[in-house]
There are 2 protein chains.
Amino acid sequence: MPLTPLHQEFVLHFGEMGSRWGINRTVGQIYALLFISSEPLNAETITDALGISRSNTSMGLKELQGWNLVRLKHLPGDRRDYFTTPDDLWEIVRTLVAERKKREIDPTLTKLRELELQGPAGDDYAEARIAELREMIEMMTGFYAEMERLETERLVKLMTLGGRIAGLIDKATGLFPTLTKRN
Amino acid sequence: MPLTPLHQEFVLHFGEMGSRWGINRTVGQIYALLFISSEPLNAETITDALGISRSNTSMGLKELQGWNLVRLKHLPGDRRDYFTTPDDLWEIVRTLVAERKKREIDPTLTKLRELELQGPAGDDYAEARIAELREMIEMMTGFYAEMERLETERLVKLMTLGGRIAGLIDKATGLFPTLTKRN
DNA sequence: CTTACATTTCAGAAATTTCTGAAATTACTG
DNA sequence: CAGTAATTTCAGAAATTTCTGAAATGTAAG
């Protein structure tokens, strides 16, 4: 069956956006379609809805499974595979962030440490920059690990604290607002 | 002149990673090279160091300028353009995050609002999911705006608070640790 | 204004990625 | 265990992206 205009627009948008991410258009479209579908869909349905080949659907679904972004379901009396996205949006976001970190950040951290271990190469500037970059990434991944540990409820609270965050930080660190200029 | 092994490895790594981001290999390499170079480089130097065509360098630099990731400098008595990355790593990160938000998040937020404005389309589930997604993105961008407003010093403090964050949130929101299970 | 250099543009070539249809594989059913 | 349905694999086709060399444009100095 053809998509409703709403589905159509939503799916096409995520197809386009997909390319700005690391994923391709089709994968973006499949995910978008699953995301707004109330029921699990099988590969055949997706293929028809998006007007792509059956094998392309298969590859796209496999990629999404590699990202841990889809759930496989089975309906009684039907041996086809059905796919859904988690109901809980927070779960989706957590997965997305975790996977992007794994693919985009972790390999770089590994490489930087490796370069540092290779010892002094006689270029102080480059070595200092690499060390600085590694330290920053370590700080950020450390913070990320904290956030990941927080249950959703607290995470929401933190994100909606609004302007009170600065004061909180100052109190927590026993320091009063500094007079330094911004940034 | 050829790159030192350290530069070589660093540059190649960021070339590879570039593709996992939205940027292409060459752009990643150019940026990496500028990043670990203590002095500003001109297009000719970059071209030679990376073994690419002069026009490719030009395009890569233009793209990096579009991302606000490089600074243009001029040396007295030399009319070529010289390029650098900011000394302050935090500034680089801020720019990167801001640009990615602009390209990856904002257009989606706009599209979701647009879809909602088009009014009920008779698919309650899809409409609810779109609304939910929009709300989540709004919350996250709101939080991001807070973070962006913080001067670096406070940001570092926040990121290095470690395990004390949960308690802080609870205190700030006047609630004690809940008994709900994680996530 | 002319010359000399520097940079950008752009059409086509090269490389890479994505997509398809056919064949192979897997796995359920009777 | 034979037959059928579902899925995956994969080689080549199609599409897209990236890169190059040549030409065009810009720019500063004499």
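In the text below, chain A, chain B and the rest are named by the order of the sequence lines, each starting its count at 1.
Separating the CZ atom of R80(B) from the C1' atom of dG26(D) is a distance of 17 Å, rounded to the nearest angstrom. Between the CG atom of L50(A) and the C1' atom of dC19(C) there is a distance of 13 Å, rounded to whole Å. Rounded to an integer number of Å, the gap from R25(A) CZ to dC19(C) P is 6 Å. Atom-to-atom, CD1 of I23(B) to P of dT18(D) comes out at 10 Å; the value is rounded to the nearest Å. One interatomic measurement links the two molecules: CD of E63(A) to P of dC19(C), which rounds to 10 Å at whole-angstrom precision. Rounded to an integer number of Å, the gap from CG of D78(B) to C1' of dT27(D) is 14 Å. If you measure from atom CG of N24(A) to atom C1' of dT18(C), you get 6 Å, rounded to the nearest angstrom. For H74(A) and dT29(C), the NE2 to P distance is 10 Å, given to the nearest whole Å.
Geometric assessment of R100(A) against the ring of W21(B) yields a negative cation-pi assignment under the 6.0 Å and 45° thresholds.
Side-chain atoms of T85(B) and R129(A) form a donor-acceptor pair, as typed in the model, at a separation below 3.5 Å. With hydrogens and angles left out, the side-chain atoms of N56(A) and S53(A) include no donor and acceptor closer than 3.5 Å.
The CD1 atom of I165(B) sits 9.0 Å away from atom CD1 of I169(A), with the distance rounded to the nearest 0.5 Å.
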Protein heavy-atom contacts under 4.0 Å, written 5' to 3' over nucleotides 20-25 of chain D as B (base), S (sugar-phosphate only) or - (none), form the string BB----

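Looking only at side-chain heavy atoms (C-beta outward), L12(A) and E9(A) stay at 4.5 Å or farther from each other.
When distances run from any side-chain atom of R79(B) to the nucleotides dT27(D), dT7(C), dT8(D), the shortest one goes to dT27(D).
Across all strands shown, N42(B) has no heavy atoms under 4.0 Å from either base or sugar-phosphate atoms.
Across every non-hydrogen atom of G60(B) and V27(B), the tightest pair is CA-CG2, 3.9 Å.
For the OP1/OP2 pair of dT9(D) and a distance below 4.0 Å, the side-chain nitrogens and oxygens of S58(A) include no atom meeting the criterion.
When each of G77(A) and K62(B) is assigned the nucleotide of DNA chain C with its nearest heavy atom, K62(B) is the one assigned upstream, toward the 5' end.
Of the candidates K101(B), R113(B), K111(B), D106(B) forms a salt bridge (charged side-chain N to carboxylate O under 4.0 Å, His left out) with just one, namely K101(B).
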